[in-house]
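Owing to the predicted nature of the structure, the values given are computational and were not obtained by experimental measurement. Whatever order the structure lists ligands and atoms in, that order sets their numbers, starting from 1. Throughout, numbering of the chain's residues begins at 1 and tracks the sequence. The figures that follow rest on heavy atoms only: side chains count, while hydrogens, waters and symmetry mates do not.
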Amino acid sequence: MDISYILNILGEERGNYFNAVAPPIIQTSNFAFNTVAEFRDATKDELHAHLYTRGNNPTTEIVRKKIAALEGTDDCLIFSSGAAAIAAAILHSVKSGDHVICVESPYSWTYYMLTQVFPLYGVTTTFVDGKSVENFENAIQPNTKLIFLESPNTFWLDLQDLAAICNMAKTKNIITAIDNSYCTPLYQQAHQLGVDLVIHTATKYLAGHSDVVSGVICANQEHINSIFKTEFMAFGAIPSPNDTWLLLRGMRTLPMRLEKSAGNAEKLINWLEQHPKVEKIIYPFHHSHPQFELAKKQMQRGSGLFAVLLKTQDKNKIEAFCNKLQRFLLAVSWGGYESLVFPACIKEGSDYPVNFVRFYAGLEEADVLIEDINQALSEI
Ligand SMILES: *Cc1c(COP(=O)(O)O)cnc(C)c1O
């Protein structure tokens, strides 16, 4: 299936809604039946029937089909946030007494869940340097049930060798999960590399307009059926049909947005790497990245998120630089249309170097962004 078929045609049933090109927002909580027999049938398969919107909603269902097809999995579930999807994936994989191996420096709330929340329920986690498969293998305990990956992660842009780790995990019957948000399904097909549960925060590139919070898990039908019955239906962290409609609308232009954002990042990096006030570029597709070869092996391209170390240890200068930027908004998140800057010195007492600054390249003209950084670098 080609990408434009998935984004424009797959899952759309225009004959059911007046041949409208854009599908309606089916803003309803429940669905009515003509007969008791039809009603009864629907209760038998809530994942596919239209019975109650906590289980399945026609607007949301279109997006489920498209994201599953992009990831190459049987099915996909959409949650009310990326964090809800991550929580559901972990809950699905472990029970009290089990052990998780997680790559070090995952998304901050993944780290919080695994260090502060899951231990309350008897689930322990070992964090490992993800650069070698042996580190995962050496951390395995008899009760290890899940290996949680994030490649690349979104600050240090560190990678893990997905195929090698998944091959190893399969021989030991350990479930693998990845937060694949940085790449989107267009730049890294994690399921094809062997990962069981592929998670995205749809808040970032998939929705892409900084107006929706949601998340997804893509997996084979067996995993999805189990997650649906337990974590999805029982906890009920579902998005509204209005939000999944916005997600669908955002996804129509995913390939062009991603290309523009990634292209802008490349142009910014090409300019920044020459600059005397820049000490280091941190980007998976930069020749200086220690895992550049692995990046080329398992990713199609880097996306719009990268970091730099500036040539100063003066926090005030870093702050003045960020304050002087006009076209990069000072904000969390990424993956939208607007360029962003996130200096690590925001995090009090963090172990990031003070001169670490993360950029997200949005959809503006590259020369405008370069000019903006150029004028702000006068503060360094
Ligand atoms: C933002 C983010 C999340 C969390 O997503 P929400 O939709 O905000 O819950 C998870 N993983 C990564 C890598 C993120 O950047």
Side-chain angles (χ1 to χ4, degrees), residues 60 63 67 71 76-91 102-117 127 130 148-160 162 177-188 190 195 197-218 231-232 235-240 242-244 246-247 250-251 254 257-258 261-262 265 282-284 299 302-307 329 331-336 338-342 344 346-347 352 358-362:
T60 306
V63 192
I67 298 179
E71 272 297 350
C76 157
L77 291 171
I78 308 186
F79 294 79
S80 53
S81 69
I86 292 166
I90 300 171
L91 278 163
C102 182
V103 65
E104 67 185 5
S105 310
Y107 176 65
S108 53
W109 290 100
T110 305
Y111 185 76
Y112 183 87
M113 269 184 236
L114 289 171
T115 55
Q116 305 298 317
V117 184
F127 293 88
F148 195 99
L149 307 169
E150 187 177 317
S151 182
N153 63 1
T154 56
F155 274 90
W156 285 113
L157 290 313
D158 287 331
L159 274 56
Q160 300 102 58
L162 302 184
I178 187 171
D179 183 334
N180 200 28
S181 304
Y182 177 92
C183 286
T184 86
L186 298 192
Y187 287 174
Q188 179 165 269
V195 184
L197 310 174
V198 183
I199 303 160
H200 292 274
T201 163
T203 312
K204 310 294 164 60
Y205 273 126
L206 295 181
H209 292 71
S210 304
D211 52 11
V212 179
V213 175
S214 68
V216 305
I217 302 179
C218 302
E231 291 75 26
F232 191 82
F235 293 163
I238 63 143
S240 72
N242 189 66
D243 278 352
T244 53
L246 284 169
L247 172 55
M251 280 174 50
L254 176 63
R257 287 187 290 102
L258 198 56
S261 169
I282 302 165
Y283 191 61
M299 296 164 59
S303 70
L305 204 57
F306 65 95
L329 306 182
V332 295
S333 200
W334 50 274
E338 77 290 4
S339 288
L340 303 169
V341 60
F342 188 119
I346 282 179
K347 304 183 179 188
Y352 283 85
R358 187 182 81 174
F359 290 97
Y360 166 68

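Listed by first and then second residue, the side chain to side chain donor-acceptor pair (under 3.5 Å) pairs that reach into residues 102-113 come to none, sequence neighbours excluded.
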Ligand 1: which protein N/O atoms lie under 3.5 Å from its N/O atoms?
| from | atom 1 | to | atom 2 | distance (Å) |
| --- | --- | --- | --- | --- |
| ligand 1 | 5 (O) | T201 | OG1 | 3.1 |
| ligand 1 | 7 (O) | G82 | N | 2.8 |
| ligand 1 | 7 (O) | T201 | OG1 | 2.8 |
| ligand 1 | 7 (O) | T203 | OG1 | 2.6 |
| ligand 1 | 9 (O) | G82 | N | 3.0 |
| ligand 1 | 9 (O) | A83 | N | 2.8 |
| ligand 1 | 11 (N) | D179 | OD2 | 2.6 |
| ligand 1 | 15 (O) | K204 | NZ | 2.7 |
| ligand 1 | 15 (O) | W334 | NE1 | 3.0 |

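Counting heavy atoms from C-beta on, the side chains of Y205 and W334 come closer than 4.5 Å. Counting heavy atoms from C-beta outward, L162 and Q188 have side chains that approach closer than 4.5 Å.
Rounding to the nearest 0.5 angstrom, the gap separating the SG atom in C102 from the CG atom in L114 is 5.0 Å. We find the CD-CG distance between E150 and L157 to be 10.0 Å, quoted to the nearest 0.5 Å.
For the pair S261 (side chain) and A361 (backbone), a donor-acceptor distance under 3.5 Å is present.
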